[in-house]
Amino acid sequence: MPDRPYVIDQMISAKMIAARIEELCAEIQAEFNGTDKLVVVGLLRGSFVFIADLVRELDLPIEVDFLEASSYGDAMESSREVRILKDLRGAIEGRDVLVVEDIVDTGHTLHHVVNLLRSRAPARLKSIALLDKPDRREIDMKADWTGFEIPDEFVVGYGIDFAQRNRNLGYIGKVRFT
Ligand code: IMP
Ligand code: MG
């Protein structure tokens, strides 16, 4: 499929992303005000750019950890069945946790991860997704904070890939086959 030629049309600029992250971080800071330490959990690999910008904007004592769940593979459709490929390094019992996801699409991935982490008895558990595609939802799941709601388009950039490509774009663009 990645052999099919495509172009990328810009949808959300780097400037818009930066401005939105400032707003989101003000809200996250208010929510976790007074925390002794916030464990920021990035879902690999798509959230790695978002989490890097997010934590540098957060004026809170934080720790960073990562978790990898299975996703699309190289396809453009969700597999629905979620497996944990790499678990957290640290324990989160009694801790404040913020889960960071790139996109909530069908909702299965975030739903699975939030339930898993909740079973470990964190003090507070919140989630944030850079993008949300509400049209594609299959289960009732929404992140506590969302950067941008987008239509049902396949997007890349700012950490998000199409068959592992285009993660290094500074903006979010939609894939258009030519
Ligand atoms: P869900 O389980 O269907 O909500 O899928 C969420 C995961 O699918 C996200 O973490 C992304 O990795 C991936 N995904 C969803 N939409 C896109 C897209 O438009 N481009 C690239 N990856 C996507
Ligand atoms: Mg993902």
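Residue numbers run from 1 in the order of the sequence given. In each ligand, atom 1 is the first atom listed, and ligand 1 is the first ligand listed.
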Which ligand 1 atoms are under 4.0 Å away from a heavy-atom of His108?
2 (O), 4 (O)

Atoms of ligand 1 under 4.0 Å from any heavy atom of Glu153, numbered from 1 in the order shown, are 19 (O)

Closest to atom 20 (N) of ligand 1 by heavy-atom distance, out of Ile172, Leu131, Val155, Leu44, is Val155

Across all chains, not counting sequence neighbours, the side chain to side chain contact (heavy atoms under 4.5 Å, CB included) partners of Phe48 are Arg167

Presence of salt bridge, Asp9 and Lys174, under 4.0 angstrom
no

N-O pairing of Arg137 and Asp132 below 4.0 Å
yes

Under a 4.5 Å cut-off applied to non-hydrogen side-chain atoms, are Lys37 and Asp96 in contact?
no

Sequence neighbours excluded, which residues qualify as side chain to side chain contact (heavy atoms under 4.5 Å, CB included) partners of Pro151?
Met11, Glu153

Only heavy atoms of Thr109, strictly under 4.0 Å: list the atoms of ligand 1 that pass.
1 (P), 2 (O), 5 (O), 6 (C)

Crowding at NZ, Lys86 (>12 non-hydrogen neighbours, <6.0 Å):
yes

Given that the side chain starts at C-beta and the backbone is N, CA, C, O, which of these parts of Asp105 lies under 4.0 Å from ligand 1, counting heavy atoms, or is it both or neither?
both

Short N/O distance, under 3.5 Å, between Val104 and ligand 1?
no

Within 4.0 Å of some non-hydrogen atom of Lys133, the atoms of ligand 1 are 16 (N), 17 (C), 18 (C), 19 (O)

At under 4.0 Å between heavy atoms, is it the side chain or the backbone of Glu101 that contacts ligand 1, or both, or neither?
side chain

Going through the checks in order, is the salt bridge (Lys or Arg N to Asp or Glu O under 4.0 Å) test met by Arg89 and Asp65?
CA-CA 7 Å; Arg89 289 292 292 272; Asp65 206 339; over 6 Å; no

Below 4.0 angstrom from a heavy atom of Asp161, which ligand 1 atoms are there? Numbered from 1 as shown, please.
21 (C)

May I ask you to list the atoms of ligand 1 that are less than 4.0 angstrom from any heavy atom of Gly107?
1 (P), 3 (O), 4 (O)

Angle class for the Trp145/Phe32 ring planes (parallel below 30°, perpendicular above 60°, tilted otherwise)?
tilted

Side chain, backbone, both or neither: Arg136 near ligand 1, heavy atoms under 4.0 Å:
neither

